[in-house]
Amino acid sequence: MENQVFMPRIGEQAPEFTAISTQGTINFPKDYEGKWVIFFSHPADFTPVCTSEFMTFASMEKQFQEANCELLGLSVDGLYSHIAWLRTIKEKIEYKGMKDIEVKFPLIEDITMEVSKKYGMIMEGESNTKAVRAVFL
């Protein structure tokens, strides 16, 4: 357990990272200075719960922005999977009256799990290929 990284605690500085996303390169937290951020992970693209979460967040994005808050998603799936999934959400998925939902906030590709590990999203003894569900403000 000597290599185990724990989730950042309340009041600790957020670990810095640079990552590729569906909206280009992210330099965190530098790109978000002066704003609140909801940074959340999900286990995999194309899953029902993750899809409903992304649709709900995307449908509320303007409200978050009005509160000076940006959304930032992450999974260990690749960029092309992310793009295909977000296109499917927009073109084919309807959920609780939501349809034609475009996810405009960045979804980070974390194939190397570098960001997931910095944030303690990969649990010891669990799958080492899936980020756990986590939310950071």
Side-chain angles (χ1 to χ4, degrees):
M1 288 230 188
E2 58 198 58
N3 291 334
Q4 186 173 2
V5 177
F6 295 94
M7 287 186 169
R9 295 180 181 194
I10 294 173
E12 290 181 347
Q13 189 163 350
E16 295 180 5
F17 63 84
T18 299
I20 302 298
S21 84
T22 54
Q23 299 296 320
T25 301
I26 300 289
N27 293 295
F28 190 84
K30 185 179 179 185
D31 291 347
Y32 296 91
E33 284 183 28
K35 297 179 180 183
W36 290 100
V37 177
I38 296 178
F39 177 35
F40 63 101
S41 65
H42 67 96
D45 297 345
F46 292 99
T47 60
V49 172
C50 297
T51 299
S52 65
E53 290 170 349
F54 268 70
M55 290 179 76
T56 302
F57 268 135
S59 72
M60 298 176 67
E61 185 173 20
K62 184 176 179 187
Q63 292 168 272
F64 283 111
Q65 288 174 339
E66 289 170 356
N68 196 34
C69 182
E70 298 292 330
L71 300 169
L72 181 60
L74 173 142
S75 92
V76 297
D77 287 335
L79 184 62
Y80 295 112
S81 175
H82 290 346
I83 291 168
W85 178 46
L86 299 182
R87 182 176 294 140
T88 299
I89 288 173
K90 176 154 178 42
E91 296 174 358
K92 298 181 180 179
I93 306 291
E94 182 174 349
Y95 172 72
K96 290 191 174 183
M98 292 182 284
K99 63 181 180 178
D100 194 35
I101 299 294
E102 184 174 3
V103 176
K104 296 178 183 176
F105 58 85
L107 175 51
I108 293 170
E109 158 186 274
D110 194 27
I111 295 171
T112 63
M113 297 179 282
E114 179 181 335
V115 177
S116 299
K117 289 176 183 174
K118 281 186 176 190
Y119 278 79
M121 295 177 189
I122 306 295
M123 298 292 186
E124 286 290 321
E126 298 295 324
S127 170
N128 59 3
T129 61
K130 299 282 185 201
V132 298
R133 291 184 182 281
V135 178
F136 299 93
L137 296 175

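In this structure, Leu107 shares a hydrophobic cluster with Ile38, Phe40, Phe46, Phe54, Met55, Phe57, Met60, Phe64, Leu71, Trp85, Leu86, Ile89, Ile93, Tyr95, Met98, Ile101, Val103, Phe105, Val135, Leu137, the cluster being traced through Ile, Leu, Val, Met, Phe, Trp and Tyr side chains under 4.5 angstrom apart.
In this structure, Asn27 and Thr18 approach most closely via the heavy-atom pair OD1-OG1, 2.9 Å. Of all non-hydrogen atoms in Ser81 and Asp45, the two that sit nearest each other are OG-OD2, 2.9 Å. Across all their heavy atoms, His42 and Ala44 have their closest contact at ND1-O, 3.2 Å.
Under the 3.5 Å distance criterion, the side-chain polar atoms of Thr22 are left unmatched by any main-chain donor or acceptor of Ile83.
Aromatic ring centres of Phe136 and Phe28 lie farther apart than the 6.0 Å criterion allows.
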Exercise. Take His82 and Asp77, measure what side-chain hydrogen bond (donor to acceptor under 3.5 Å, both in side chains) needs, and give me the verdict at the end.
Key: CA-CA 7 Å; His82 290 346; Asp77 287 335; 5.2 Å; no

Quiz prompt | Residues Asp110, Phe17; criterion side chain to side chain contact (heavy atoms under 4.5 Å, CB included); working and verdict | solution = CA-CA 11 Å; Asp110 194 27; Phe17 63 84; over 6 Å; no

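Separating the NZ atom in Lys99 from the NZ atom in Lys90 is a distance of 11.5 Å, to the nearest 0.5 Å. Remark: Ser75 OG to Ile108 CD1 distance equals 10.0 Å, nearest 0.5 Å. Here the CD atom belonging to Glu66 is positioned 11.0 Å from the CD atom belonging to Glu61, to the nearest 0.5 angstrom. Atom CD of residue Glu109 and atom CD1 of residue Ile26 lie 12.0 Å apart, to the nearest 0.5 angstrom.
Annotation: Gln65, atom CD; neighbour count of heavy atoms from other residues, nucleotides and ligands within 6.0 Å is above 12.
No side-chain heavy atom of Val49 sits less than 4.5 Å from a side-chain heavy atom of Thr51. Looking only at side-chain heavy atoms (C-beta outward), Leu74 and Met121 come within less than 4.5 Å of each other. Here the side chains of Val37 and Pro29 are not in contact, with every heavy-atom distance at 4.5 Å or above. Side-chain atoms of Val76 and Ile111, non-hydrogen and from C-beta on, never get closer than 4.5 Å to each other.
Linking Ile, Leu, Val, Met, Phe, Trp and Tyr residues whenever their side-chain heavy atoms come within less than 4.5 Å leaves Leu79 and Leu72 in two separate clusters.
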Just distance, no hydrogens or angles: give the donor-acceptor pairs under 3.5 Å from side chains in residues 9-16, sequence neighbours left out.
| residue | atom | partner | partner atom | Å |
| --- | --- | --- | --- | --- |
| Glu12 | OE1 | Arg9 | N | 2.9 |

